[in-house]
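Chain identifiers are assigned alphabetically (A, B, ...) following the order of the sequence lines, protein sequences preceding nucleic acid strands; residue numbering begins at 1 within each chain.
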Number of protein chains: 2
Amino acid sequence: MDIIKVFSKNVKKYRNKKGLSQEAFAERAGLHRTYISAIEREKRSIALENVQKIADALEVETYLLFIEDSG
Amino acid sequence: MDIIKVFSKNVKKYRNKKGLSQEAFAERAGLHRTYISAIEREKRSIALENVQKIADALEVETYLLFIEDSG
DNA sequence: GTGTGACTTCTAGTCCGTT
DNA sequence: AAACGGACTAGAAGTCACA
């Protein structure tokens, strides 16, 4: 599967797990709410720096966001 | 550790494991040799699309490139 | 075979608003 | 709360000449 798709799905999954809205999550990650929205809809590629910001905000290990079936 | 640092180190490690030069590897990945060079020296951020290209060229699972001590 | 600075083109990422 | 669009700026992609 495509890495962007996997990443998008995992962001959405972990974000919902934490009960965060896109808006609240975007603020935690220091990113823009429309950007998070675009990521979850697979409309964008992402730079590694922001991958890390997102992982931090979700409080998960970075590599978990690239595993297809990471629970 | 910083994700770019981890990624860089892993690219270098897996590339050397395969006995590929930066030049040969760059060609496999469809990227420029100086670009690979810059990545390995942590001089660049990278978008997910190229992360996948690199993982493909190295024939490793993408997530392995983000694990600090991934053999 | 690799490191490096500089350069142009293209896209990541922000910010406004509307649905 | 979230999808979506338009316009804008910062920064990544991609290449080169030279060391």
Side-chain angles (χ1 to χ4, degrees), chain A residues 1-68 70-71, chain B residues 1-68 70-71:
Chain A
M1 168 140 45
D2 173 42
I3 190 179
I4 296 175
K5 196 164 185 176
V6 173
F7 184 79
S8 301
K9 287 174 93 169
N10 282 327
V11 170
K12 198 166 197 167
K13 178 169 66 184
Y14 285 112
R15 179 174 67 74
N16 285 140
K17 242 187 186 171
K18 291 190 89 67
L20 292 168
S21 70
Q22 283 183 356
E23 211 165 358
F25 171 58
E27 202 169 345
R28 273 173 81 114
L31 298 167
H32 201 87
R33 72 179 170 80
T34 59
Y35 183 53
I36 300 295
S37 171
I39 289 173
E40 292 191 1
R41 286 177 294 122
E42 298 164 38
K43 291 295 181 189
R44 296 224 176 211
S45 187
I46 313 143
L48 278 190
E49 256 188 272
N50 286 332
V51 168
Q52 181 155 46
K53 279 189 194 171
I54 289 169
D56 285 351
L58 291 173
E59 294 173 304
V60 297
E61 296 289 332
T62 308
Y63 76 88
L64 289 175
L65 297 177
F66 297 106
I67 295 178
E68 195 165 345
S70 57
Chain B
M1 167 144 42
D2 173 41
I3 190 177
I4 295 176
K5 196 164 184 175
V6 174
F7 183 80
S8 300
K9 285 174 93 169
N10 282 327
V11 169
K12 199 166 195 165
K13 179 170 65 184
Y14 285 113
R15 177 175 68 76
N16 283 140
K17 240 185 185 173
K18 291 189 89 68
L20 292 169
S21 69
Q22 285 183 354
E23 212 166 358
F25 171 57
E27 202 169 346
R28 274 172 80 114
L31 299 167
H32 200 89
R33 74 169 182 85
T34 59
Y35 183 55
I36 300 296
S37 171
I39 288 173
E40 291 191 2
R41 287 175 297 120
E42 299 164 37
K43 291 296 180 190
R44 296 222 179 203
S45 188
I46 313 145
L48 281 190
E49 256 188 270
N50 283 334
V51 168
Q52 180 155 46
K53 278 190 196 169
I54 289 169
D56 285 352
L58 290 173
E59 294 174 303
V60 297
E61 296 289 331
T62 308
Y63 77 88
L64 289 175
L65 298 177
F66 297 106
I67 295 178
E68 196 165 345
S70 58

Rounded to the nearest Å, what distance is computed from the [atom1] atom of residue [X] to the [atom2] atom of nucleotide [N]?
X      : N       : atom1 : atom2 : answer
Q52(B) : dA13(D) : CD    : C1'   : 17 Å
I54(B) : dA12(D) : CD1   : P     : 14 Å
I4(A)  : dA12(D) : CD1   : C1'   : 14 Å
K43(A) : dT11(C) : NZ    : P     : 15 Å
E40(B) : dG1(C)  : CD    : P     : 14 Å
E23(A) : dA3(D)  : CD    : P     : 12 Å
E42(B) : dA12(D) : CD    : C1'   : 17 Å
I39(B) : dT4(C)  : CD1   : P     : 15 Å

L31(A) vs F25(A), side chain to side chain contact (heavy atoms under 4.5 Å, CB included): CA-CA, chis, key distance, verdict: CA-CA 8 Å; L31(A) 298 167; F25(A) 171 58; over 6 Å; no
- prompt: Touch check for S37(B), heavy atoms < 4.0 angstrom, all strands: base, sugar-phosphate only, or nothing?
  reply: base
- prompt: Does a nitrogen or oxygen in the side chain of R41(A) sit under 4.0 Å from OP1 or OP2 of dG5(D)?
  reply: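 No, no such contact exists.
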Side chain of K12(A) - closest among dA3(D), dA12(C), dA1(D): dA3(D)
field: Residue whose closest nucleotide on DNA chain C lies nearer the 5' end, E49(B) versus I36(B)
entry: I36(B)
- request: Evaluate side chain to side chain contact (heavy atoms under 4.5 Å, CB included) for L65(B) paired with V60(B), printing each intermediate quantity in order.
  value: CA-CA 8 Å; L65(B) 298 177; V60(B) 297; 3.9 Å; yes
message: Going by the rule ring-ring contact (aromatic ring centres under 6.0 Å, His included), which residues pair with F7(B) if we only count those two or more places apart in sequence or in a different chain?
response: F66(B)
Kindly write out the residues that satisfy side-chain hydrogen bond (donor to acceptor under 3.5 Å, both in side chains) with [X], not counting sequence neighbours, or none if the list is empty.
X      : value
Q22(B) : E40(B)
S37(B) : R41(B)
R33(B) : none

query: Once each nucleotide of nucleotides 14-19 of chain D is scored for protein heavy atoms under 4.0 Å, what B/S/- sequence comes out, 5' to 3'?
result: BBBBB-
message: Considering only residues two or more places apart or on different chains, which pairs with a residue in residues 43-62 of chain B satisfy salt bridge (Lys or Arg N to Asp or Glu O under 4.0 Å)?
response: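 Listed once each, the pairs are K18(B)-E59(B), R28(B)-E59(B).
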